[in-house]
Each structure stands twice: as structure tokens, then as C-alpha cells.
Amino acid sequence: MILLISDLHLQEQRPDITRAFLHFLEGRARNADALYILGDFFEAWIGDDAMSPYQAHICQALRALSDSGTRVFLMHGNRDFLIGEAFCRAAGCTLLSDPSVIDLDGENVLLMHGDLLCTQDEHYLKLRRVLRHPLTLWTLRHLPVSWRQKLARGIRSQSRAHTRRKASDIVDVTPAYVPEVLSQAGVTTLIHGHTHRPAIHKLQVGQAPARRIVLGDWDRQGWVLEWDKQGARLEAFELT
Ligand code: LP5
């Protein structure tokens, strides 16, 4: 059995989400062959060298899961794209590129964080191109931690102000783009997060039936996609 989650936005200020995640790692995730985390695992990540004691604790908890035999895969989100190899080594997880096609129990499936599917959000995509440029990444990683903290706060506050003004369809996936992406990848299932709009959408790619599974964020409740030979089940649960 394989579990997929996304958009936990882990942060010290949300002990309820943290508790639920640690409980998930010690319980349900132990019975899984693999756990996939599709981005925005942390609320913000400014570099592996700036890990807080809280983040180090989460890292150790992931390590305990991978040491127990569950393989852990992590994809960057727009909040934690600075997670690097040092974190992954310490946590015992494998960094997946976005997009990735993986074999889930015999079916090839496309995994994405989801931000690249929001093609109408042009301002964000411009910002993304700048932030993800190798030169920017190198520069950001070499800035003093206090500068990075300040920069992250600045981008966050600008983003909050911009997002409030954006129409709901702009910050969602562009539906017409999805068949194209599936067709290019040669698969009929796409799984992503980012939009915080959990659902299973049915669509067509040419003549073939296809589906887009959107993972939910962990805020008022938690969300997990359980995948096995019987199929895919998207479930919500209480953050107790
Ligand atoms: O995150 P979310 O879901 O609220 O909004 C996203 C898009 N915004 C972002 C930005 C993040 O929220 C900021 C994360 C900061 C921490 C991470 C790393 C820090 C690296 C730098 C430090 C080392 O991703 C938002 C989308 C939305 O998803 C829906 O898809 O719309 O995008 C925006 O709102 C972007 C605006 O449209 C354009 C903003 C221009 C910002 C200019 C930066 C100025 C910097 C000032 C610095 C002092």
C-alpha cells in the first residue's frame, strides 16, 4: 500500500497539525510500502543550514519512518523549494523532481506539486522562474540566514497581498492544460496538491478516460490518498 500527502505546511505555530503528522508517521505510515509528500511539507524552508530545532525534530521523525522500512519520497512545493540533499539524507528520503512519472503498483502515474498547472497565474509563474533559476538558488543558499529570513517574510507578505486580489480560477489549475500534460507524460492519472481543493476529477485524454486527483492541505482536517491494487481512495481525517 502506498500513501500520498501534500501541503501540510508544518510549522511550530500549528501543534495540532504537527501532532497529527507525528501520529500518522508512527501509525498508518508504518504499514505503507512508500510515502510520497508532494510539496509544501513545511510552511517555509530557507535552507538546510537554517533548520530550526522544530524542523530537525520533523526530520528525525521522517528518518524513523524510513528506517522502519517505508520508503519516503519528497517533492518541492512553492514554500519549500530550498529543501536540499542534506535534509533528504538526514531524513532518509529521496527528492523527486517536479514533474515525475512513477510506477504505483503497476500503473504509471504523473506526480506534480501543482503550481505549474496554474497557467493563468502569470505573476506567480514569473516569480517562480526567477526563484528557481539555478543562479538564484545558489545565491539564496549563500546569503546570511538573517537576510534569507527577511527575504522570505517580504515575499510571503507580497504574495499574501497579491493572492487576496486574484480571482479564484486564476489560483486554480487550468483545466484545458491537464489533458496536454497527461498526454505528454503518456499516462492517464495525475496526482498533485497546491490548490488546497481536494477532489478526484474525471476527464478524457483523446479517447481514453483519465483522472486528476487533487490532494488536500492539512488545515482544518488532514488528507491522504491511499493507493493499492484495489484502487485509489482520497480520505479526510480529523487532526486530533
Ligand atoms: O503560498 P501561497 O499558496 O499562499 O501562494 C502561492 C504563491 N506565492 C508563493 C510565495 C510564497 O507564499 C512565499 C514563500 C516564502 C518562503 C519560501 C522561500 C523563501 C525563499 C527566499 C528566502 C531564502 O509561492 C502565489 C500564488 C498562489 O500560490 C496560488 O497558486 O498566486 O503567488 C503570488 O502571490 C505571487 C505574486 O503574484 C507576485 C508576488 C511578487 C513578489 C515580489 C517579491 C518582492 C520581494 C520583496 C523582498 C523584500
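Just follow the structure's listing: the first ligand is 1, and inside any ligand the first atom is 1.
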Protein contact of atom 13 (C) of ligand 1 - nearest heavy atom, named by residue and atom, plus distance: Ile155 CG2, 3.9 Å
Taking atom 40 (C) of ligand 1 as the point of reference, which of His162, His196, Arg164, Glu122 owns the nearest heavy atom? His162
Is a side-chain donor or acceptor of Thr70 paired with a backbone partner of Asp33 at a separation under 3.5 angstrom? no
Would you check the N or O atoms of His123, main chain and side chain alike, for any that come under 3.5 Å of an N or O of ligand 1? no
Between Gly77, Gly154, Ala50, which one has a non-hydrogen atom sitting closest to atom 48 (C) of ligand 1? Gly154
If you count heavy atoms of other groups shown closer than 6.0 angstrom to NE2 of His57, is the number above 12? no
Which atoms from ligand 1 have a heavy atom of Leu82 less than 4.0 Å away? 20 (C), 23 (C)
Got a sec: does the CD of Glu12 have more than 12 other heavy atoms crowding it under 6.0 Å? no
Looking only at protein heavy atoms, which one is nearest to atom 47 (C) of ligand 1, and what is the separation? Leu151 CD1, 3.7 Å
Suppose we screen for ring-ring contact (aromatic ring centres under 6.0 Å, His included). Which residues come up paired with Phe81, at least two apart in sequence or across chains? none
Is the ring pair Phe237/Phe24 parallel, tilted or perpendicular, if the boundaries are 30 and 60 degrees? parallel
What protein heavy atom sits nearest atom 15 (C) of ligand 1, and how far away is it? Ala152 O, 4.0 Å
Working for side chain to side chain donor-acceptor pair (under 3.5 Å), residues Ser159 and Tyr124: CA-CA 8 Å; Ser159 168; Tyr124 166 67; over 6 Å; no
Just to be sure I'm reading this right: ignoring hydrogens, which of Arg79, His9, Arg160 gets closest to atom 4 (O) of ligand 1? Compare them by their nearest heavy atoms. Arg79
Answer yes or no for Asp115: is there a heavy-atom contact with ligand 1 below 4.0 Å? no
Which protein heavy atom lies closest to atom 24 (O) of ligand 1, and at what distance to 0.1 Å? Asn78 ND2, 2.9 Å
Could you find the nearest protein heavy atom to atom 32 (O) of ligand 1 and give me its residue, atom name and distance? Tyr124 CD1, 3.3 Å
If you compare Arg165, His194, Arg148 by their heavy atoms, the one closest to atom 30 (O) of ligand 1 turns out to be His194
Would you please say whether a donor-acceptor pair under 3.5 Å links the side chains of Asp98 and His76? no
Which of the numbered atoms in ligand 1 are under 4.0 angstrom from any heavy atom belonging to Val171? 29 (C), 31 (O)
What about Gln158: any of its N or O atoms under 3.5 Å from an N or O on ligand 1? no
My understanding is that only residues two or more places apart in sequence, or in another chain, count here; which of them pass side chain to side chain contact (heavy atoms under 4.5 Å, CB included) with Ile155? Leu127, Leu131, Leu151
Look at the aromatic rings of Phe87 and Phe42 and report parallel, tilted or perpendicular, splitting at 30° and 60°. perpendicular
Nearest heavy atom to atom 31 (O) of ligand 1, choosing from Thr163, Asp121, Thr139, belongs to Asp121
Going by the closest heavy atom to atom 8 (N) of ligand 1, which one wins out of Ser159, Ala44, Ala161? Ser159
State which residue, out of Glu43, Gln11, His113, fulfils the side-chain hydrogen bond (donor to acceptor under 3.5 Å, both in side chains) condition with Arg79. Glu43
So, Arg212 and His192: side-chain donor and acceptor under 3.5 Å apart, yes or no? yes
Nearest non-hydrogen protein atom to atom 12 (O) of ligand 1, with distance, is Arg156 NH1, 2.8 Å
At less than 4.0 angstrom from any non-hydrogen atom of Lys166, what atoms of ligand 1 do you find? 26 (C), 31 (O), 32 (O), 33 (C), 34 (O), 35 (C), 36 (C), 37 (O)
